[in-house]
2 protein chains.
Amino acid sequence: MKVTIKEVAREANVSPSTVSRVISDSSQISEETKERVRDAIKRLKYKPNAIARSLANRKSRILGVVLPNEAQDLITNTFFIQAMKGMSKYAQNKRYYITYAFSEDEKAELEYINNFITSNLVDGICLLRARTDDRSIKYLKETQFPFVVIGRPEESENLLWVDNDNFQATYNLVNELVKKGHKCISFLGAKKDWNVTKDRFKGFKVACEINGISIQDKNFVIMDDFNEQEGINGTIKLLENITPTAIIAEDDVLAFGILKVLNERKIKNIDVVGFNNSPLAELQIPPLSSVDINSEELGYHATKILIDFLENDYTSINHYIIDTKLVKRESFK
Amino acid sequence: MKVTIKEVAREANVSPSTVSRVISDSSQISEETKERVRDAIKRLKYKPNAIARSLANRKSRILGVVLPNEAQDLITNTFFIQAMKGMSKYAQNKRYYITYAFSEDEKAELEYINNFITSNLVDGICLLRARTDDRSIKYLKETQFPFVVIGRPEESENLLWVDNDNFQATYNLVNELVKKGHKCISFLGAKKDWNVTKDRFKGFKVACEINGISIQDKNFVIMDDFNEQEGINGTIKLLENITPTAIIAEDDVLAFGILKVLNERKIKNIDVVGFNNSPLAELQIPPLSSVDINSEELGYHATKILIDFLENDYTSINHYIIDTKLVKRESFK
DNA sequence: TTGTATGCGTTATCAG
DNA sequence: CTGATAACGCATACAA
């Protein structure tokens, strides 16, 4: 049988409310009785019941995370497990729990979110990856439920988010390439209405312009999806009109496609850089240089910003930028 | 403000207990009032409070999963995310929630488990991967707390587990190799005290013996850890004493190391087969044949067996074997 | 078939 | 500084 606060109270010869106060280390309890109660707690090995506590507090200390379940994920999914790890790291520090749900599609995602909220199980929600015109975000905003997004949302005022500075990262990358003497740089992306695409492309474009490299339509290709085949198709299309000296891929999977084409055509003098630094990057031929987005940090700060918000009720910081880092390998060094 | 069971009761002109009964679809309530209450529920958009329900039921419908620190191995981790996906799939069906925690080491793991149990937050626990002499399992057994293990534990009586038949899978694999004419087969594994290692090695050994292939010490190597470098070292060691026509790797990451050595030495006539069918397998040169362990199914049935146990309180089935499937690619076909 | 009263294990309010 | 007492939202034994 579980030992409750009552047993402890009896053991320590105080009332249950006193025990409760000792547990929350209330300042208005004498050190003496605190000692006595703590002793009793130890002796009886008492642990507070999280559920009962949640009910009384109307706070569960549980966070809900909804994982999207899109086709592209299987390969790139180290992002998810890493982000989840980062999330749990901070949450565990703060004695929060995290519960997760995989959604089959956007509709299911909304359902899970709705369920999380209305069942009163979670105090806050964490969304991985913002879509454009994101219905989940819209819904969460409407209901005023606390949540954080990994990936900058379109309308980012008044909501919590964590992301890399994708503009800056790509901007810097172009500069590095230029420093190495590159004069004709191409960009291969996908999902033109995703914010991450917009940001990275913009960083590419602006940096090129600053460096006096003119960017025309033939300099870049934006595909529909993130997968190797699209990378292959995009590269073929690109090479029809132009022969760049370097290609930036918005994501490693696209870069894998690029490398395939280059290998096949035995083209050796085009540098390639991807994004995300997936574990597969270093196994490519040649090993792929890639911008590490620091997934674990993204997750860590997502829960940090959310929990801080929940506890302070009001914070000045509503977003956080995670550093990126170019990992140089054979494909560009 | 959240609408509670009281509001609904008032709206439907019944008592709260009646509403409660309607929610659990009690047979002893007239269809008529059921209708009326359901109407009220819809009108008021009432959703039961999960926490309050948990307290009253003394069941949270929350499962806890503890991820081992080996999850850090970024390369092999598709197993974890896939297992988690499978777990959530069944749990969601049954309206269970899953909360996870990453443990840094065995000590932390024990702490999390203890916390899960004593805080009364979870109804059951799922462990990923059994160690030998597993303290977590021992502890869970002692406390009599419901739990399931993915990966056959040493003493598997009276506890729930899910696993592949690793003996059988390796046994069959050897037979396939023999059928293709192989007469000298080697085994490269790691972590000699893991059950999965024991089982796969045993399958290898027995099958070889049955086929009249004698197995001596030079025929196999068991390394310390699962990573590519260990695969490389193991292969080098192996090839010092023997030149097999086929090598079985206990895990794909080890196989990646094997392929590296073979490529470097331009050895073309050794077939290689790994385990786990990681997404990287097909990207190897040559594409690696691998035994798919069906991670998602493992997770799915783990929660299934656990939830079934929790709900029936007593089940005859206490373990479940998940099929494996050899995926043939260039490295062995 | 339905309602009343009580408990689930805490926390919070209000006295003392 | 400490102790009753009443919530928190729901479930259920017992009555009616």
Side-chain angles (χ1 to χ4, degrees), chain A residues 1-38 40-41 44-62 95 97 115 117-123 311, chain B residues 1-38 40-41 44-62 95 115-123 311:
Chain A
M1 199 53 199
K2 278 292 294 182
V3 27
T4 75
I5 211 168
K6 275 186 191 167
E7 271 80 64
V8 179
R10 202 175 306 141
E11 176 85 10
N13 265 315
V14 292
S15 75
S17 34
T18 303
V19 178
S20 176
R21 286 188 186 105
V22 173
I23 290 166
S24 56
D25 201 23
S26 158
S27 58
Q28 34 189 21
I29 290 269
S30 73
E31 267 310 318
E32 203 189 326
T33 53
K34 271 189 185 177
E35 277 309 309
R36 208 164 69 247
V37 172
R38 281 179 189 138
I41 288 180
L44 270 51
K45 295 199 173 99
Y46 165 77
K47 295 272 178 167
N49 179 310
I51 303 280
R53 202 177 231 189
S54 298
L55 186 59
N57 283 327
R58 262 155 300 178
K59 277 178 192 168
S60 65
R61 295 186 90 84
I62 301 178
R95 288 174 303 108
Y97 298 96
N115 181 48
I117 297 181
T118 53
S119 72
N120 256 346
L121 184 76
V122 303
D123 293 344
E311 311 228 303
Chain B
M1 198 54 200
K2 277 290 296 181
V3 26
T4 75
I5 212 168
K6 274 188 193 167
E7 271 80 64
V8 178
R10 202 174 304 139
E11 176 84 7
N13 265 316
V14 292
S15 76
S17 44
T18 303
V19 177
S20 175
R21 287 188 186 106
V22 173
I23 290 165
S24 55
D25 201 25
S26 159
S27 59
Q28 35 190 20
I29 289 271
S30 72
E31 268 311 317
E32 205 188 323
T33 53
K34 270 190 184 174
E35 277 308 309
R36 207 164 69 247
V37 172
R38 280 178 190 140
I41 288 179
L44 270 52
K45 295 199 171 100
Y46 165 77
K47 295 270 179 169
N49 179 310
I51 303 281
R53 201 179 236 187
S54 297
L55 185 60
N57 283 327
R58 264 157 297 177
K59 278 179 190 166
S60 65
R61 295 186 90 84
I62 301 179
R95 290 173 301 107
N115 181 47
F116 272 147
I117 297 181
T118 53
S119 72
N120 257 345
L121 184 76
V122 304
D123 293 344
E311 311 228 304

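Below, chain A is the first sequence line, B the second, and so on; all start at residue 1.
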Length of the [atom1]-[atom2] vector between [X] and [N], whole Å:
X	N	atom1	atom2	value
A:R36	D:dC1	CZ	P	14 Å
A:L121	D:dG9	CG	P	15 Å
A:N13	D:dC1	CG	P	20 Å
A:Y46	C:dG9	OH	P	10 Å
A:E31	D:dT2	CD	P	10 Å
A:Q28	C:dG16	CD	P	17 Å
A:R61	C:dT11	CZ	C1'	14 Å
A:R21	C:dG9	CZ	P	21 Å

*Classify the side chain of B:R58 versus the base of C:dG7 as yes if they form a donor-acceptor pair under 3.5 Å and no if they do not.*
no
*Can you find an N or O donor on one side and an acceptor on the other, under 3.5 Å apart, linking the side chain of A:S20 with the base of C:dA12?*
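No, no donor-acceptor pair under 3.5 Å.
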Say you draw a straight line from [atom1] of [X] to [atom2] of [Y]; how long is it, rounded to the nearest 0.5 Å?
X	Y	atom1	atom2	value
B:N120	A:N49	CG	CG	4.5 Å
B:K47	A:L121	NZ	CG	13.5 Å
A:L44	A:I5	CG	CD1	12.0 Å
A:T33	A:R21	OG1	CZ	10.0 Å
B:R53	A:I51	CZ	CD1	13.0 Å
A:I29	A:S24	CD1	OG	8.5 Å

*Determine the sole option in B:K2, B:K6, B:E7 for which the side chain to side chain donor-acceptor pair (under 3.5 Å) test with B:T4 is passed.*
B:E7
*Can a side chain N or O of B:T4 be found less than 4.0 Å away from OP1 or OP2 on D:dG9?*
no
*Closer than 4.0 Å, any side-chain N/O of B:T18 to the OP1 or OP2 of C:dG3?*
yes
*Where along residues 47-57 of chain A does a heavy atom come under 4.0 Å from DNA chain C, residue by residue in number order?*
A:K47, A:P48, A:N49, A:A52, A:R53, A:A56, A:N57
*5'-most by nearest nucleotide on DNA chain C - B:P16 or B:N120*: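 Per heavy-atom nearest nucleotide, the more 5' residue is B:P16.
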*More 5' along DNA chain C: A:V19 or B:S27, using each one's nearest nucleotide?*
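By nearest-heavy-atom nucleotide position, the 5'-most residue is B:S27.
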So [X], base contact, sugar-phosphate only, or nothing? Heavy-atom distance under 4.0 Å.
X	value
B:T33	sugar-phosphate
A:S17	base
B:V14	sugar-phosphate

